[in-house]
**Q** 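This is the structure I want to talk about, given as structure tokens.
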Amino acid sequence: MFRIGQSSDIHQLAEGRRLVLGSVEIEHTKGLVGHSDADALLHAIAEAVIGALGEGDLGKHFPDTDPQYKGISSLLLLEQVTKLMESKGYRIGNVDALIMIERPKMAPHIPLMRQNIAQALHCAEDQVNVKATRGEKLGFVGREEGVLAQAVVLLEKAEA
């Protein structure tokens with residue numbers, strides 16, 4: 001049996017914050033604003049898995065009103081989502097994710113992002129695809145006001 005989930009996550013860019021995507025800290029003049037580390041990529045992937053399981057959304061499981069999640073690494077949240085997925089008898093078929101950010105360039109960071117994501121999801125790196133695109137100076141992405149990440153996941157029923 002297969003289940004598909006998809007999600008998008010948006011975070012504002014601001015000076016004085018760290019830019020963390022795919023659990024990789026990236027040198028930049030701006031970083032993402034959020035209750036946790038604001039890793040929009042991992043948030044989109046985690047929520048896509050939650051959606052595929054029919055378990056609501058990220059906020060249901062990790063509310064931004066809960067102080068225990070203040071500043072938390074989103075990789076830890078993704079690991080918790082993996083435990084939920086496995087407890088329901090599923091494993092990752094594949095992940096396809098997209099980061100929309102004007103700058104900096106993501107290509108040098110994508111291999112480590114894929115490695116981090118695969119490790120957290122208990123799957124092989126070739127089951128995780130991450131790509132990036134610019135806003136071409138259009139919209140909030142192009143004006144460097146924020147980042148949008150999208151993810152689609154395919155879950156497979158794990159063999160007993």
**Q** Heavy-atom distance under 4.5 Å between the side chains of Ile101 and Leu21, does that happen here?
**A** yes
**Q** For the pair Gln6 (side chain) and Ala151 (backbone), establish whether a donor and an acceptor sit closer than 3.5 Å, ignoring hydrogens and angles.
**A**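 Side chain of Gln6 to backbone of Ala151, a donor-acceptor pair under 3.5 Å: no, none is there.
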**Q** Gln127 side chain to Ala124 main-chain N or O, any donor-acceptor pair under 3.5 Å?
**A** yes
**Q** With distance as the sole criterion, is a donor-acceptor pair present between the side chains of His122 and Glu86 under 3.5 Å?
**A**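 Per modelled atom types, His122 and Glu86 side chains form a pair under 3.5 Å.
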**Q** Check for a donor-acceptor pair, side chain of His11 on one end and backbone N or O of Ala40 on the other, with a separation under 3.5 Å.
**A** no
**Q** State, to 0.1 Å, how close Ile26 and His109 come at their nearest heavy-atom pair, and which atoms those are.
**A**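 What the structure gives for the nearest pair is CG2-NE2, 3.5 Å.
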**Q** Among Leu75, Leu41, Leu32, Asp39, find the residue that satisfies the side chain to side chain contact (heavy atoms under 4.5 Å, CB included) test when tested with Val20.
**A**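 Of the listed options, the one satisfying the test is Asp39.
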**Q** Could you give me the CA-CA distance, side-chain angles and deciding distance for Val128 and Asn94, then say whether side chain to side chain contact (heavy atoms under 4.5 Å, CB included) is met?
**A** CA-CA 6 Å; Val128 177; Asn94 74 299; over 6 Å; no
**Q** Rounded to the nearest 0.5 Å, how far apart are CZ of Arg3 and NZ of Lys88?
**A** 9.0 Å
**Q** Measure the NE2-NZ distance between His28 and Lys105 for me, rounded to the nearest 0.5 Å.
**A** 12.5 Å
**Q** Is Lys157 close enough and on-axis enough to Phe2, meaning under 6.0 Å and within 45°, for cation-pi?
**A**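 Judged by the rule, Lys157 and Phe2 form no cation-pi pair.
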**Q** Scan side-chain atoms only and decide if His43 and Ser36 contain a donor-acceptor pair under the 3.5 Å cut-off.
**A** yes
**Q** Would a hydrophobic clustering, with Ile, Leu, Val, Met, Phe, Trp and Tyr connected at side-chain separations under 4.5 Å, put Leu98 with Leu19?
**A**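 Cluster IDs for Leu98 and Leu19 differ.
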**Q** Can you confirm whether Glu15 is buried at CD, in the sense that more than 12 heavy atoms of other residues, nucleotides or ligands lie under 6.0 Å from that atom?
**A**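 Open.
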**Q** May I ask you to test the Val141-Val147 pair for a side-chain heavy-atom distance under 4.5 Å?
**A**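 No. Closest side-chain heavy atoms not under 4.5 Å.
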**Q** Got a donor-acceptor contact below 3.5 angstrom from the Asp96 side chain to the Val152 backbone?
**A**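 Not confirmed, Asp96 side chain does not pair with Val152 backbone.
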**Q** What verdict does the side chain to side chain contact (heavy atoms under 4.5 Å, CB included) test give for Gln119 and Glu79, after you've listed the backbone C-alpha separation in whole Å, the side-chain angles of each residue and the deciding distance to 0.1 Å?
**A** CA-CA 9 Å; Gln119 187 173 19; Glu79 289 170 352; over 6 Å; no
**Q** Using side-chain heavy atoms (C-beta onward) and a distance below 4.5 Å, is Lys70 in contact with His35?
**A**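 Yes, at least one pair of side-chain atoms sits under 4.5 Å.
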**Q** With hydrophobic residues grouped by side-chain heavy-atom distances under 4.5 Å, do Tyr90 and Leu154 end up in a single group?
**A**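 Different hydrophobic clusters.
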**Q** Show the nearest heavy-atom pair for residues Phe62 and Leu77, with the distance to one decimal.
**A**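 Looking at all heavy atoms of both residues, the shortest contact is CD2-CD2, 3.5 Å.
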**Q** Determine the sole option in Leu148, Val130, Thr133 for which the side chain to side chain contact (heavy atoms under 4.5 Å, CB included) test with Ile99 is passed.
**A**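 The side chain to side chain contact (heavy atoms under 4.5 Å, CB included) with Ile99 is passed solely by Val130 among Leu148, Val130, Thr133.
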**Q** What pair of heavy atoms forms the shortest contact from Ser8 to Gln150, and how long is it?
**A** OG-CG, 3.4 Å
**Q** Look only at the side chain of Arg114 and the backbone of Glu125, and say whether a donor-acceptor pair between them is shorter than 3.5 Å.
**A**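 A pair under 3.5 Å: yes.
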**Q** Please answer whether the main-chain N or O of Glu144 pairs with a side-chain N or O of Lys30 as donor and acceptor at a distance below 3.5 Å.
**A**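 A pair under 3.5 Å: yes.
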**Q** Is Ile50 linked to Ile10 within one hydrophobic cluster, defined over Ile, Leu, Val, Met, Phe, Trp and Tyr using a side-chain heavy-atom separation of less than 4.5 Å?
**A** no
**Q** Heavy-atom distance under 4.5 Å between the side chains of Lys137 and Glu102, does that happen here?
**A**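 Result yes, sub-4.5 Å side-chain heavy-atom pair found.
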**Q** Go through it in stages, so that I can follow the logic: the residues are Gln80 and His61, the test is side chain to side chain contact (heavy atoms under 4.5 Å, CB included), and I'd like the CA-CA distance, side-chain angles, deciding distance and then a yes or no.
**A** CA-CA 9 Å; Gln80 290 300 310; His61 295 267; over 6 Å; no
**Q** Shared ILVMFWY cluster between Met100 and Val95, side chains joined below 4.5 angstrom?
**A** no
**Q** Looking only at heavy atoms, what is the nearest atom pair of Leu42 and Ser74, with distance?
**A**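 That closest heavy-atom pairing would be CD1-C, 3.8 Å.
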**Q** Under a 4.5 Å cut-off applied to non-hydrogen side-chain atoms, are Ile4 and Val153 in contact?
**A** no
**Q** Could you report the tightest heavy-atom contact between Leu155 and Ala52, atom names first, then the distance?
**A** CD1-CB, 3.6 Å
**Q** Which value, rounded to the nearest 0.5 Å, describes the distance between Phe140 atom CZ and Leu13 atom CG?
**A** 9.5 Å
**Q** Restricting to non-hydrogen atoms, name the atom on Ser73 and the atom on Asp37 that form the minimum distance, rounded to 0.1 Å.
**A**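 So the minimum-distance heavy-atom pair works out to CA-OD2, 3.4 Å.
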**Q** So how far is it from Leu121 CG to Ile45 CD1, rounded to the nearest 0.5 Å?
**A**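 The distance works out to 7.0 Å.
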**Q** Any side-chain heavy atom of Asp9 sitting closer than 4.5 Å to one from Glu47?
**A**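 Side chain of Asp9 against side chain of Glu47, heavy atoms only: no contact under 4.5 Å found.
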